[in-house]
Number of protein chains: 2
Amino acid sequence: MGSRNPFEPRQVTSRRGGPVKQPLSRDAIVAAALDLLTREGLEGMSLRKVAAALDTGPASLYVYVEDLQELRTLVLDRALAGVETAGTRQHDWRHRLTALLESYLTVLERSPGLAQLAMSTIAAGPNALRFIEALLGLLDEAGVDQPTAAWAVDLINLYATAIAAEQGQREPLTNPLGPLLRVIGSVSAKEFPRIHAARDELLSGEGPDRFAWAIEVLLKGILHTPRRAPGDDAPPTGSPTRRKSRRPR
Amino acid sequence: MGSRNPFEPRQVTSRRGGPVKQPLSRDAIVAAALDLLTREGLEGMSLRKVAAALDTGPASLYVYVEDLQELRTLVLDRALAGVETAGTRQHDWRHRLTALLESYLTVLERSPGLAQLAMSTIAAGPNALRFIEALLGLLDEAGVDQPTAAWAVDLINLYATAIAAEQGQREPLTNPLGPLLRVIGSVSAKEFPRIHAARDELLSGEGPDRFAWAIEVLLKGILHTPRRAPGDDAPPTGSPTRRKSRRPR
DNA sequence: ACCTGAACACCGTTCAAGT
DNA sequence: ACCTGAACACCGTTCAAGT
């Protein structure tokens, strides 16, 4: 029909009848991928489907994205933009830490497969950094010394991610039952007496209650396990190593 | 050449020049799959490759195995057979708990991709149950009450699995550097002052030291966070719930 | 009952060819 | 420089056909 404007290339009606086809860009690709992930899960976020959603072929994406792994990293950080790190000034650090972690969990649970992706991706984008920065701030407020806080961030982050991944895993399944604990109700008292005896407790508890309990455990443990004893400024010279290293890394 | 004996069907020299081709069986399939997983990682354990290793076509496996997901579950439990749950009588519960977890970790690290598999699989086979039974026993020795121990098992198990999965993830990568922390060395002091200040601490520490510290955190936290206060036999009627539920499950 | 070849509906990635 | 069709080397799963 009209002449082509090179600055707005190929204004074509989209397949889904949307207004206009966006020109390809890294951002558009990541946005489409996150949309697919949210609607169809991790398996649904293939390069071919992302390309199809953008009305192009899979080969076109390689201009903007190294490979699938890089796309996943970008998608994860884009999703983490939804994590609330602001934090109301009103509450104490404990409330705000819980709120921060619940926000993180909510974001991971909103897109099925995102938590799985978070478990298998390095995730050092700006939004992951913002999350870590906020965690460090709250631990500082809590009175945790810096070396301890540094490791604690890792522990908390890993646990929260793992919880989300585990819950995401059993969402498509049947019941609101436990994680690796479902066969447990019918376990033999002879072979596994303790599991049998504790089977009701093993299966009890809503996810959020367990999460809140676990966070309490982590915080209480962190507050009572400084990497250096309170008055111990210099690293000990005798080096009373905790345990023998399992292997060098 | 000779006549075929129906009880030992198809005695054919294996592709790899091994002695004889085993008749197909669930056990042989799982063994071949675990072998592939150990040697080639999670991607290498495809149904087609397992079939090829057994000198047959992929369709043949479906006689013994429901689908890939079931095969993964079986492979995981077979691998967990390597976890040492016996425990020497000599040491205290703390030593034995650490030894148990290190055995679990060692098994998960021996086969690259196994930890990932453990994160995405329910794993309620006999060997997973044996591991849980042992954990419950040690927590009981430690004086942890049963309701607390039940949730603690889940927390410890999830953390250990997640640690292994994270470490397995960066094994094919370059350096002995941190988990989501590598860009962190060059992070802007303006944008992320706390990360910048703590960057050395964030990157410090060998994997085993961090793991030992984390286990100490978990144990100390668990010992100090009973689900019910020590003298509190009945659940409280007023139900002072910890926090509002995020959503029903 | 067990096994299989062939097909189906997918993958990620590459590359020569087009604009 | 950006985009693409076609191909390559894979997937899991199904099914009719063989023994």
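The shown structure was predicted, so the numbers you read here are calculated from the model rather than taken from an experiment. Computed from heavy atoms alone, side chains included, the values below leave out hydrogens, waters and symmetry copies. A, B, ... follow the sequence lines: proteins, then strands. Residue 1 opens every chain.
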Examine distances only and state if a side-chain atom of [X] and a backbone atom of [Y] form a donor-acceptor pair shorter than 3.5 Å.
X        : Y        : answer
A:Glu133 : B:Arg194 : yes
B:Asn127 : B:Arg130 : no
A:His196 : A:Val187 : yes
A:Asp154 : B:Leu202 : no

Self-check item: Atom CD of A:Glu84: over 12 foreign heavy atoms under 6.0 Å
Solution: no
Quiz item: Closest nucleotide of DNA chain D for B:Arg48 versus for A:Gly57: which of these residues is on the 5' side?
Solution: A:Gly57
Checking contacts here: which listed nucleotide ([options]) is nearest the side-chain heavy atoms of [X]?
X       : options               : result
B:Thr56 : C:dG12, C:dT4, C:dC11 : C:dT4
A:Leu68 : D:dG12, C:dT13, C:dC3 : C:dT13
A:Tyr64 : C:dG12, D:dC2, C:dC3  : D:dC2

Quiz item: Under 30°, 30 to 60°, or over 60°: which ring-plane class applies to A:Phe131 and A:Tyr104, parallel, tilted or perpendicular?
Solution: parallel
Quiz item: Under 4.5 Å between any side-chain heavy atoms of B:Leu135 and B:Leu97, yes or no?
Solution: yes
Rounded distance in Å - [atom1] ([X]) to [atom2] ([N]):
X       : N      : atom1 : atom2 : result
B:Leu47 : D:dC10 : CG    : P     : 16 Å
A:Leu36 : C:dC11 : CG    : C1'   : 15 Å
B:Glu43 : C:dC11 : CD    : P     : 15 Å
B:Met45 : D:dC11 : CE    : C1'   : 13 Å
B:Glu40 : D:dC10 : CD    : P     : 11 Å
A:Ile29 : D:dC2  : CD1   : P     : 12 Å
B:Gln69 : D:dC11 : CD    : C1'   : 16 Å
A:Leu42 : C:dC10 : CG    : C1'   : 16 Å

Quiz item: So what does A:Ser46 touch, heavy atoms closer than 4.0 Å: a base, only the sugar-phosphate, or nothing?
Solution: sugar-phosphate
Interface polar pairs with nucleotides 14-19 of chain C, N/O, under 3.5 angstrom:
none

Quiz prompt | C:dC2 and D:dA17, which share atom name C1', separated by this distance in whole Å | solution = 13 Å
Self-check item: Between C:dA16 and D:dC3 - C1' atom distance, rounded Å
Solution: 13 Å
Quiz prompt | Partner nucleotide, any strand, of C:dA1 [Watson-Crick/G-U, under 3.5 Å] | solution = D:dT19
Quiz item: So which nucleotide does D:dT14 pair with, by the Watson-Crick or G-U wobble rule with both distances under 3.5 Å?
Solution: C:dA6
Quiz prompt | CD on A:Gln116 to CD on A:Glu43, rounded to 0.5 Å | solution = 7.5 Å
Quiz prompt | Distance below 4.0 Å between A:Lys49 side-chain N/O and C:dC10 OP1 or OP2 | solution = no
